[in-house]
Chemist: 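Encoded as structure tokens, here's the structure I'll be asking about.
For reference, positions follow the sequence shown, starting with 1.
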Amino acid sequence: MLETELKCILSEETYLELEKMFAWDWVKEQINHYYTDSSNELKKHGITLRIRTKDEINKIQIKTHKNADSPLQICEEAEYDTDSVPESFTADAVKKMTGLNIPVSLLGSLTTLRHSLMYCEGVEICLDKNDFLDKTDYEIEIEYSNEVPKELIDKLRASGVEFKMAATGKCTRFMLRLAEILRGED
């Protein structure tokens, strides 16, 4: 499946304003469990391997990023069922999912409180509060298969949301924070 989305990192103030602006369809917690390999092959190939736990259901998700340097994020996604969150995957298992013959290990987890709204057909707004490694950040994602209505972009822009810069994804922000901790930059 091809996923197309606009992303923007938000201030807490903007997040709180947007949280009140829309009548959300649902609000749920989800946990992303991130995996990595010792030689950084996943990163070199633009691949995120995670297990997402939502509603007590675990799904292995493979995201292959197509254009990392843009606010418009395009990813090829694959998903597999799993009944647990293992500490590691063998090289054979990873090869079947990604084509890369490397073992991976669980690196850590990020918890998201997600507000979701189907704004119109083919356009979903996701407002996220993310907690990971003693840090909290906020973002908005607009996932779409049709065109994003200009009125929505204008409404968000009026609240300070600008889709101009490349927004780093949750996994990258998690990895950057982990590197800060390992360097002693708390």
Side-chain angles (χ1 to χ4, degrees), residues 1-34 42-43 45-55 57-80 97-98 109-132 135-177:
M1 174 180 83
L2 196 62
E3 176 185 81
T4 307
E5 63 186 14
L6 292 168
K7 287 186 179 197
C8 181
I9 302 299
L10 306 171
S11 67
E12 182 178 14
E13 181 182 338
T14 301
Y15 169 84
L16 292 171
E17 183 180 335
L18 295 175
E19 187 179 37
K20 294 174 188 166
M21 183 181 292
F22 297 100
W24 302 100
D25 294 332
W26 54 262
V27 178
K28 291 184 181 181
E29 184 176 277
Q30 59 190 34
I31 303 170
N32 290 337
H33 309 276
Y34 296 113
L42 290 173
K43 184 177 180 178
H45 288 87
I47 296 172
T48 299
L49 192 160
R50 71 183 180 203
I51 293 179
R52 176 169 284 168
T53 303
K54 185 166 72 172
D55 296 328
I57 297 170
N58 297 308
K59 297 278 186 180
I60 300 168
Q61 297 178 327
I62 311 297
K63 292 180 82 165
T64 304
H65 302 272
K66 302 295 185 185
N67 61 334
D69 297 327
S70 170
L72 172 65
Q73 298 291 303
I74 300 173
C75 298
E76 186 72 38
E77 287 194 349
E79 191 171 83
Y80 307 93
M97 294 184 288
T98 68
S109 302
L110 176 148
T111 301
T112 298
L113 180 65
R114 172 161 281 187
H115 296 67
S116 178
L117 168 66
M118 284 305 296
Y119 185 79
C120 60
E121 186 177 339
V123 178
E124 179 183 14
I125 304 171
C126 298
L127 183 68
D128 294 343
K129 176 183 177 186
N130 305 299
D131 292 302
F132 57 103
K135 181 176 177 149
T136 300
D137 70 19
Y138 308 90
E139 70 184 313
I140 189 168
E141 301 176 358
I142 300 177
E143 299 180 6
Y144 64 97
S145 55
N146 299 330
E147 241 181 81
V148 179
K150 183 181 181 319
E151 79 224 17
L152 174 58
I153 297 297
D154 291 344
K155 187 174 191 175
L156 293 172
R157 190 172 286 134
S159 296
V161 177
E162 292 286 339
F163 297 106
K164 289 186 176 181
M165 299 172 46
T168 55
K170 290 176 181 69
C171 183
T172 299
R173 296 194 315 271
F174 177 91
M175 299 287 192
L176 290 170
R177 177 66 182 137

Chemist: Rounded to the nearest 0.5 Å, what separation is found between the NZ atom of K170 and the CD atom of Q30?
Modeler: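 These two atoms lie 7.0 Å from each other.
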
Chemist: NZ of K135 to CZ of R177: how many Å apart, nearest 0.5 Å?
Modeler: 6.5 Å

Chemist: Can you measure from CD (E143) to OG (S116) and round to the nearest 0.5 angstrom?
Modeler: 8.0 Å

Chemist: I need the E19 CD to L113 CG distance, nearest 0.5 Å.
Modeler: 7.5 Å

Chemist: Does some side-chain heavy atom of L127 sit less than 4.5 Å from a side-chain heavy atom of L10?
Modeler: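 Yes, side chains in contact.
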
Chemist: Tell me, please, which residues at least two apart from M175 pass side-chain contact (heavy atoms from CB on, under 4.5 Å).
Modeler: T36, L107, C171

Chemist: If I take atom CD from residue Q61 and atom NZ from residue K63, how far apart are they, to the nearest 0.5 angstrom?
Modeler: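 Nearest 0.5 Å value for the CD-NZ distance: 7.5 Å.
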
Chemist: Applying salt bridge (charged side-chain N to carboxylate O under 4.0 Å, His left out), can you list everything that pairs with K28, at least two apart in sequence or on another chain?
Modeler: D55

Chemist: What is the minimum heavy-atom distance between T64 and H45, and which atoms define it?
Modeler: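 Heavy atoms of T64 and H45 come nearest at CG2-O, 4.2 Å.
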
Chemist: How would you list, by chain and number, every residue that makes a ring pair (Phe, Tyr, Trp, His ring centres under 6.0 Å) with H115, sequence neighbours excluded?
Modeler: W24

Chemist: What residues form a ring pair (Phe, Tyr, Trp, His ring centres under 6.0 Å) with F132, not counting sequence neighbours?
Modeler: none

Chemist: Using residues 152-163 as the side-chain source, report each donor-acceptor pair under 3.5 Å to any protein atom, sequence neighbours left out, with the distance given to one decimal.
Modeler:
residue, atom, partner, partner atom, Å
D154, OD1, K150, NZ, 3.3
D154, OD2, K150, NZ, 2.7
S159, OG, E17, OE2, 3.0

Chemist: Any non-hydrogen side-chain atom of K59 less than 4.5 Å from a side-chain atom of K54?
Modeler: no

Chemist: For N146, which residues count as a side chain to side chain donor-acceptor pair (under 3.5 Å) partner, sequence neighbours excluded?
Modeler: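 Per chain and number, N146 pairs via side chain to side chain donor-acceptor pair (under 3.5 Å) with no residue.
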
Chemist: Just by distance, no angles: are the side chains of T48 and H65 close enough, under 3.5 Å, to form a donor-acceptor pair?
Modeler: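 A pair is found: one side chain offers a donor N or O, the other an acceptor, under 3.5 Å apart.
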
Chemist: Any idea which heavy atoms bring M97 and I60 closest together, and the distance?
Modeler: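 Of all heavy-atom pairs spanning M97 and I60, the closest is SD-CG2, 3.6 Å.
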
Chemist: Can you name the nearest heavy-atom pair linking L117 to A23, along with the distance?
Modeler: CD1-O, 3.5 Å

Chemist: Heavy-atom distance under 4.5 Å between the side chains of Y138 and L16, does that happen here?
Modeler: no

Chemist: Taking salt bridge (charged side-chain N to carboxylate O under 4.0 Å, His left out) as the definition, give me every residue that meets it alongside K43, ordered by chain and number, with sequence neighbours left out.
Modeler: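 K43: no salt bridge (charged side-chain N to carboxylate O under 4.0 Å, His left out) contacts found.
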
Chemist: Check side chain to side chain donor-acceptor pair (under 3.5 Å) between T172 and all other residues, then give those that pass, not counting sequence neighbours.
Modeler: none

Chemist: Grab the two heavy atoms, one from I47 and one from I62, that are nearest each other, plus how far apart they are.
Modeler: CG2-CG2, 3.9 Å

Chemist: Run the salt-bridge test on R52 and E79 with the 4.0 Å N-O cut-off and return the result as yes or no.
Modeler: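 Salt bridge absent between R52 and E79.
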
Chemist: Could you give the distance from OH (Y15) to CD1 (I140), rounded to the nearest 0.5 Å?
Modeler: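 Separation between the atoms: 11.0 Å.
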
Chemist: Taking the side chain as everything from C-beta on, heavy atoms only, tell me whether L110 gets closer than 4.5 Å to R50.
Modeler: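 Result no, sub-4.5 Å side-chain heavy-atom pair not found.
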
Chemist: Under the salt bridge (charged side-chain N to carboxylate O under 4.0 Å, His left out) rule, collect the residues that match up with K129, sequence neighbours excluded.
Modeler: none

Chemist: I'd like to check E29 versus T111 (side-chain heavy atoms, cut-off strictly below 4.5 Å). Are they in contact?
Modeler: yes

Chemist: State, with a plain yes or no, whether a side-chain heavy atom of M118 is found less than 4.5 Å away from one of E124.
Modeler: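 They are in contact (side-chain heavy atoms under 4.5 Å apart), so the answer is yes.
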
Chemist: Testing the basics here: between I9 and E139, what is the closest heavy-atom pair and its distance to 0.1 Å?
Modeler: CD1-CB, 4.1 Å

Chemist: Residues in side chain to side chain donor-acceptor pair (under 3.5 Å) with D137, at least two apart?
Modeler: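 With neighbours one apart ignored, the set is N130, R173.
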
Chemist: So, using side chain to side chain donor-acceptor pair (under 3.5 Å) as the criterion, who are the partners of D131 when residues are at least two apart?
Modeler: T136

Chemist: With sequence neighbours left out, write down each residue that passes ring pair (Phe, Tyr, Trp, His ring centres under 6.0 Å) with Y119, or none if nothing qualifies.
Modeler: none

